[in-house]
Amino acid sequence: MPKIPFRVSPMLAMLVDKPFSRSHWAFEEKYDGVRILAYKEGADVSLVSRNALDRTGRFSEIAAAIRKLGSTTLALDGEVVVFDSRNVSRFQLLQQSKGHPQYVVFDCLYGKGRDLRNEPLSVRRAVLEDSVRSSASVILAARLDGDGRKAFQTAKLRGLEGIIAKNLDSRYVEGRSSQWLKVKVHQEDEFVIGGFTKPSGARHYFGALLLGAYINGELHYVGKVGTGFDEETLASLHRRLQALMQAKSPFASDSRERGATFVKPQLVAQISYGEVTEEGKLRHPVFLGLRDDKSPKEILWRSAKSQ
């Protein structure tokens, strides 16, 4: 059986403040889902998250679709997403198992019988387009306008999360690289859950989650989120929080939430928000779901986040 002689960690994009245009760069839609590396070795297919968790069973329909691809051996990079009625990917839909998961593929690391990581992106994309035919479960990442500013305006009009700019001459490297850049339309990031408040009114289980991010190895409080939960989410999340309760606050800075219950900082939440105040707190945050593909220690305050 043919084997791929490597396993990798994904190449990550760096965050930049505004859109731009550069010669020999491509601009792709930024997807709001879970990063997955796919390895096809004959009939064997494995789907692996960015923190090396096996997701083959969870996304079995995607694995089956990759198994049907004509190429015997492939290593692919992409994002598992669920699209809403306007064809915009929504992490919340994926996290809540609402809708049909699809694997959006944007890179090919092994194909045509050879390691492509040292080939330029333009070559890898050509092999990808020749090796992958879109189906109900596997699709190619959408390329937007060749002008980055126009691509950003398209993303804004469609309500996309943002755009990814990629140097067509870039080789595939593990970790964060300035050869892949991202510009966000909406503010959306991961934060560590450090505690919760008591419920009030008709709310059950808890009122809000206390959120933090790391600065120089210390967890700093960035605010609380009390919206985005349905009753089922409140109940399941409360069960997980109860198992992590501790007396001492995990935050290096004061949360100023009297009567709060603190937890071990082991859960990562995906949060959308309007902006960050001058005091470093999130404005209008909304809970989108939990992420099990990222370690709490990866959550750095105001740093570039991965694709």
Side-chain angles (χ1 to χ4, degrees), residues 10-37 50 76-94 99 101-109 116 119-134 138-173 175-190 270 272-276 288 302-307:
M11 185 170 177
L12 306 175
M14 295 182 67
L15 182 66
V16 293
D17 293 332
K18 57 185 179 181
F20 60 90
S21 288
R22 291 178 190 167
S23 176
H24 217 55
W25 280 63
F27 300 89
E28 298 178 358
E29 179 176 336
K30 186 180 188 308
Y31 295 94
D32 191 12
V34 174
R35 189 73 173 271
I36 291 290
L37 292 157
R50 56 169 286 176
L76 305 172
D77 190 2
E79 191 103 354
V80 172
V81 303
V82 172
F83 291 103
D84 66 12
S85 59
R86 297 186 298 115
N87 203 35
V88 176
S89 58
R90 303 290 185 196
F91 175 77
Q92 196 167 25
L93 295 176
L94 178 64
Q102 294 177 286
Y103 187 41
V104 183
V105 194
F106 46 71
D107 215 326
C108 182
L109 315 186
L116 300 173
E119 296 289 345
L121 175 59
S122 56
V123 171
R124 301 199 308 272
R125 177 75 185 204
V127 174
L128 175 65
E129 292 177 357
D130 191 50
S131 302
V132 175
R133 294 290 178 265
S134 293
V138 179
I139 60 176
L140 291 172
R143 286 271 173 92
L144 302 175
D145 196 286
D147 183 313
R149 297 180 186 88
K150 291 181 180 178
F152 183 78
Q153 288 304 314
T154 298
K156 203 170 182 179
L157 288 171
R158 288 184 54 199
L160 304 178
E161 187 187 357
I163 63 172
I164 299 288
K166 297 179 178 179
N167 186 344
L168 291 170
D169 292 326
S170 62
R171 64 188 184 91
Y172 193 94
V173 295
R176 212 167 299 282
S177 171
S178 60
Q179 300 304 295
W180 286 13
L181 302 173
K182 61 182 176 180
V183 189
K184 291 187 176 182
V185 171
H186 300 294
Q187 296 287 349
E188 189 175 306
D189 279 310
E190 303 87 23
Q270 184 90 358
S272 68
Y273 55 97
E275 61 181 352
V276 178
L288 300 180
R302 305 308 299 272
S303 70
K305 299 295 193 297
S306 69
Q307 182 178 190

Heavy-atom pair with the smallest gap, counting every atom of Asp32 and Ser89:
N-OG, 2.9 Å
Separation between CG (Leu288) and CD (Glu190), nearest 0.5 Å, reads 10.0 Å
Taking all atoms of both residues into account, what is the closest heavy-atom pair of Leu128 and Cys108, and its distance?
CB-CB, 3.9 Å
If you measure from CZ on Arg125 to CZ on Arg143, what distance do you get to the nearest 0.5 Å?
4.5 Å
Identify the two heavy atoms, one from Tyr103 and one from Val80, that lie closest to each other, and give their separation to 0.1 Å.
CD1-CG2, 3.9 Å
Roughly how far, to the nearest 0.5 Å, is CZ of Phe106 from CD1 of Ile139?
12.0 Å
If we count only N and O atoms by modelled type, under 3.5 Å, do the side chains of Asp147 and Ser21 hold a donor and an acceptor together?
yes
Between Ile163, Leu15, Leu160, which is the residue that forms a side-chain contact (heavy atoms from CB on, under 4.5 Å) with Lys184?
Leu15
Which heavy atom in Arg22 sits nearest to a heavy atom in Phe27, and how many Å separate them?
N-CZ, 4.3 Å
Between Arg176, Lys166, Gln179, which is the residue that forms a side-chain contact (heavy atoms from CB on, under 4.5 Å) with Met11?
Gln179
Contact summary for Tyr31 and Glu161, nearest pair of heavy atoms:
O-OE1, 3.3 Å
Go through the steps for Leu76 and Val138 under the test side chain to side chain contact (heavy atoms under 4.5 Å, CB included), then give the verdict.
CA-CA 11 Å; Leu76 305 172; Val138 179; 5.7 Å; no
Nearest heavy atoms of Val34 and Phe91, plus distance in Å
CG2-CE1, 4.1 Å
Separation between CZ of Arg35 and CG of Asp77, rounded to the nearest 0.5 Å:
4.0 Å
Rounded to the nearest 0.5 angstrom, the CD-CZ distance for Glu119 and Arg124 is 9.0 Å
So, taking the atom named CG in Asp17 and the one named CG in Leu181, what distance separates them when rounded to the nearest 0.5 Å?
11.0 Å
